[in-house]
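Working notes, structure below.
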Amino acid sequence: MLTMNNMYFTEEHNFFRKSFQDFLQKEVVPHIEKWEKTGTIERFIWEKFGEMGYFGLNQSEEYGGLDLDLFYTVIFLEELQKINSGGFAAAMWAHAYLAMTHLKEEANHKQKEKYLTPSIHGEKIGCLCISEPFGGSDVGGMRTTAEKKGDSYVLNGSKTFITNGVYSDYLIVAAKTAPELGNKGISIFVLDRDSPGISSTKLDKLGWRASDTAEIAFDNVTIPLENLMGEENKGFPYIMQHFALERLIMGVNAHARSEYALEYTIQYMKERVAFGKSISKFQALRHRVAQLSSEVEMCKTFNYVTAKRLNDGEYVVKEASMSKLISTKISDEVMYDCLQFLGGYGYMEDYPLARLSRDSRLGPIGGGTSEILKEIIAKMVIEGKEYKPAT
Ligand SMILES: Cc1cc2nc3c(=O)[nH]c(=O)nc-3n(C[C@H](O)[C@H](O)[C@H](O)COP(=O)(O)OP(=O)(O)OC[C@H]3O[C@@H](n4cnc5c(N)ncnc54)[C@H](O)[C@@H]3O)c2cc1C
């Protein structure tokens, strides 16, 4: 019989899932509470991820990767959601799939040797700096500039809400090289953290507490010409192109943490007794669980189909936008209701729903808000607009 599992996952995939689960339980889970409190993920775990090859799942073998299909990435994302630290998960996937996607797609051989290979090995951590204090949703409205002067660019401006923005070793930065051209004048650079003129401030936030989120200032930072990634002024199309993967990632994360929350809550409901019976027998609650389970299953099914199409080379802008839009909304509903089903315990930090609720709330905001996703989908379904990849 063909089940959803074996439609997408082979024996090798399942083996990988099991070994990654074991790794997370043994190496990560014992430290999560500490990292959630300090907002600092210790270096040794990055190195262990590197040693195990987890940062190179979709990267080419030439640079130390494993060159595996996208369903290994799906497993990586799903299992990271199931140890209940959205912040830890974000730190890992922002490195592997935000910073490293730009390296994979736009960096030249020399840049890959210098940044991509150590990233795969967990020796260098990256972050992706697009959002700014005066330009989040409106990427084209960014104000950071990189002015060419002789044999270098001079970078001035600021970025905000950058995941891994405090502790990373290098920064992938979008800046205007031709401000007069608007979004057609943006370029992408890779910068070493210790370049003079870079300073960062750690931000305090509702959830994702294990991950460091930064405001970053660039004050006359000199960027060597060789640190330009890809073609000058092609930054905007590069960014938009990679949003398809980022948005699908956030959709997958959402269905996975929803599944985790429901699984936990259903077990809890079976054990919790009120009015002489298990609360899982109350119809009002049962129907809500049935509704949410159906919605999560539909998200998961849609996300897998979209992952398959992306893996096969299709440019799934519409579907990835839909995936993030709906899966993150459902996830917030799941967290709200699951917390409710735990009663007062739902509000306590000793139970998983408090953190899950905080962490889930970023879903409809980060990587393109739900409103922006609706703008994209509306243009595609109403005006028939088509988006094409940059290259
Ligand atoms: C924890 C965290 C981690 C993040 N990590 C990163 C990162 O690693 N790298 C990075 O570059 N960015 C990162 N971001 C930034 C994130 O992508 C932005 O916050 C997001 O794109 C929204 O931008 P903004 O916050 O400036 O909101 P704004 O753009 O100011 O939007 C405010 C509100 O207005 C709405 N709005 C804006 N334009 C429209 C419109 N045209 N129609 C209707 N409604 C509209 C928005 O939907 C939103 O509700 C992170 C954010 C957070 C909170």
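Counting starts at 1 for both ligands and their atoms, following the listed order. Atoms considered below: every heavy atom in the structure, side chains included; atoms not considered: hydrogens, waters and symmetry mates.
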Under the 4.0 Å line, does any protein heavy atom show up next to [atom]?
{"atom": "atom 32 (C) of ligand 1", "answer": "no"}
{"atom": "atom 35 (C) of ligand 1", "answer": "no"}
{"atom": "atom 14 (N) of ligand 1", "answer": "yes"}

>> What I want to know is whether T163 and ligand 1 share at least one N or O pair that is separated by under 3.5 angstrom.
In response: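 Right, the criterion is met.
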Would you please say whether a donor-acceptor pair under 3.5 Å links the side chains of [X] and [Y]?
{"X": "S60", "Y": "D67", "answer": "no"}
{"X": "T73", "Y": "Y97", "answer": "yes"}
{"X": "Y115", "Y": "D192", "answer": "yes"}
{"X": "E36", "Y": "S85", "answer": "yes"}
{"X": "H255", "Y": "S258", "answer": "no"}
{"X": "Y264", "Y": "K82", "answer": "no"}

Selected option - heavy-atom contact closest to [atom], from [options]:
{"atom": "atom 53 (C) of ligand 1", "options": "L98, D212, I365, L362", "value": "L362"}
{"atom": "atom 27 (O) of ligand 1", "options": "G165, G141, S137", "value": "S137"}
{"atom": "atom 42 (N) of ligand 1", "options": "E132, M142, K374, E375", "value": "E375"}

>> For I372, which part has a heavy atom under 4.0 Å from ligand 1: side chain, backbone, both, or neither?
In response: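 Within the 4.0 Å criterion, I372 contacts ligand 1 through side-chain atoms alone.
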>> If the contact criterion is a heavy-atom separation under 4.0 Å, does G367 count as touching ligand 1?
In response: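 Yes; G367 lies near enough to ligand 1 that a heavy-atom distance drops under 4.0 Å.
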For [atom], the protein heavy atom that lies nearest, with its residue and separation:
{"atom": "atom 19 (O) of ligand 1", "result": "F161 CD1, 3.6 Å"}
{"atom": "atom 22 (C) of ligand 1", "result": "T369 CG2, 3.7 Å"}
{"atom": "atom 12 (N) of ligand 1", "result": "S131 OG, 2.7 Å"}
{"atom": "atom 9 (N) of ligand 1", "result": "L128 O, 2.9 Å"}
{"atom": "atom 26 (O) of ligand 1", "result": "G136 CA, 3.2 Å"}
{"atom": "atom 49 (O) of ligand 1", "result": "E371 OE1, 3.6 Å"}

> Does K385 count as lying over the ring of Y387, i.e. NZ or CZ under 6.0 Å from the six-ring centre, within 45 degrees of the axis?
Replying inline: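 Satisfied, under 6.0 Å and within 45°.
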> Should the pair R193 and Y170 be classed as cation-pi, given the thresholds of under 6.0 Å to the six-membered ring centre and 45° from the axis?
Replying inline: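 So R193 doesn't make the cation-pi contact.
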> Does any non-hydrogen side-chain atom of L285 lie less than 4.5 Å from one of S280?
Replying inline: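 The answer is no, as the side chains (C-beta and beyond) never meet within the 4.5 Å cut-off.
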> Got F243 and M240 here, is their nearest side-chain heavy-atom distance under 4.5 Å?
Replying inline: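 Yes. Closest side-chain heavy atoms under 4.5 Å.
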> Near I162, which atoms of ligand 1 are under 4.0 Å from a heavy atom of that residue?
Replying inline: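 Selected atoms, number and element: 7 (C), 8 (O), 9 (N), 10 (C), 11 (O).
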